[in-house]
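Worksheet: the structure to be examined is printed underneath.
We name chains A, B, ... by the order of the sequence lines, and we start the count at 1 in each one. Quantities reported herein were computed from a predicted structural model and do not represent experimental measurements.
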Amino acid sequence: MLPFDRDILDLARALVGARLVVRGAGGTILETEAYARDDPASHSFRGQTARNAAMFGPPGTVYVYLSYGLHFCLNVVGRPGEAVLIRALRPELGIDAMATRRGMAVDSPLLASGPGRIGQALGLTLADSGKRFDGNEFRLIPPEAVPDLVTGPRIGITRAADRPWRFGLKGARGLSRPFA
DNA sequence: GTAGTGATCTTCT
DNA sequence: GAAGATCACTACG
């Protein structure tokens, strides 16, 4: 398991290359984004609401939110009000289950390449928000070696869009979008 | 290959 | 009323 109580940028970097397993399905994390407490792009920026309550839970909490009314996106909460969005996954475990939920072939490059796709592939719902990465339903396994990372601006936001808080596994296929 | 748009819900102005 | 941490489908070059 990983230490969650640390600077959110450190946590976002540490999660790239780690293994994420949710109820027996998952794989290696290829891409993450950091959202800080004092960050205009973060859901926590305007304070706690019913929707983002899990983001203010203890380090290691699962935060799932509904994006654009139809996509469930997965976050790892660090210090209260800070979280890391998981943007891309290389499927390695429970691939059949993920392919079934996605309605595509097991070797499709689109199985979990994007935050909404991960949500669908892992079968996430709002009921998962507030659970913990404690090794039961949600598990995180640190990488054996520190991988090479690439860095870039976050995707799909308008505020604080220049902060280079997106991290990817260098040279990996299956990123949600290429790094410049 | 790029460009446009619909789906669908929460929050903010 | 509009925008948002998105994706998939369609139309068109």
Exercise. Go through residues 84-101 of chain A and report each residue with a non-hydrogen atom lying under 4.0 Å from DNA chain B, sorted by number.
Key: none
Quiz item: Touch check for A:Arg51, heavy atoms < 4.0 angstrom, all strands: base, sugar-phosphate only, or nothing?
Solution: sugar-phosphate
Quiz prompt | Check ion pair A:Asp7-A:Arg13 (N to O, under 4.0 angstrom) | solution = no
Quiz prompt | B:dG6: pairing nucleotide in any strand, Watson-Crick or G-U under 3.5 angstrom | solution = C:dC7
Practice problem: Using atom CD1 of A:Ile8 as one end and atom P of C:dA5 as the other, report the distance to the nearest whole Å. | Solution: 17 Å
Quiz item: Is the shortest side-chain N to carboxylate O distance from A:Glu33 to A:Arg87 below 4.0 Å?
Solution: yes
Practice problem: To the nearest 0.5 Å, tell me how far A:Thr61 OG1 sits from A:Met55 CE. | Solution: 11.5 Å
Return a table of donor-acceptor pairs under 3.5 angstrom between the side chains of residues 72-80 of chain A and protein atoms on other chains or two or more places apart.
{"residue": "A:Asn75", "atom": "ND2", "partner": "A:Tyr63", "partner atom": "O", "Å": "3.3"}
{"residue": "A:Arg79", "atom": "NE", "partner": "A:Asp5", "partner atom": "OD1", "Å": "3.0"}

Self-check item: Separation of atom CZ in A:Arg163 from atom C1' in C:dA5, rounded to whole Å
Solution: 14 Å
Exercise. Using atom CZ of A:Phe45 as one end and atom P of B:dT11 as the other, report the distance to the nearest whole Å.
Key: 17 Å
Self-check item: Members of residues 54-74 of chain A that approach DNA chain B, where some heavy atom sits under 4.0 Å away
Solution: A:Leu66, A:Tyr68, A:Gly69, A:Leu70
Exercise. By nearest nucleotide on DNA chain C, pick out whichever of A:Ile155 and A:Arg102 is the more 5' one.
Key: A:Ile155
Quiz item: CD of A:Gln48 versus P of B:dT11: gap in Å, rounded?
Solution: 12 Å
Quiz item: To the nearest angstrom, how far is A:Asn52 atom CG from C:dA5 atom C1'?
Solution: 13 Å
Self-check item: Carboxylate-amine/guanidinium contact A:Arg101 A:Asp96, below 4.0 Å
Solution: no
Exercise. Specify the separation, in whole Å, of atom CZ of A:Arg117 and atom P of C:dC9.
Key: 10 Å
Quiz item: Any side-chain N or O of A:Thr158 less than 4.0 Å from the OP1 or OP2 oxygen of C:dA3?
Solution: no
Quiz item: Between C:dG4 atom P and A:Asn75 atom CG, what is the distance in whole Å?
Solution: 18 Å
Exercise. Considering only atom P, compute the distance from C:dA5 to B:dA3 and round it to an integer number of Å.
Key: 22 Å
Quiz prompt | Lys/Arg-Asp/Glu bridge criterion (N-O < 4.0 Å) met for A:Glu82, A:Arg37 | solution = no
Quiz item: Rounded to the nearest Å, what distance is computed from the CG atom of residue A:Leu126 to the C1' atom of nucleotide B:dC9?
Solution: 10 Å
Quiz item: Does the ring center of A:His43 lie less than 6.0 Å from the ring center of A:Tyr35?
Solution: no
Quiz item: In Å and rounded to the nearest 0.5 Å, what is the CZ to CE distance from A:Arg117 to A:Met104?
Solution: 7.0 Å
Self-check item: A:Arg166 to A:Phe179 six-membered ring, cation-pi geometry met (6.0 Å, 45°)
Solution: yes
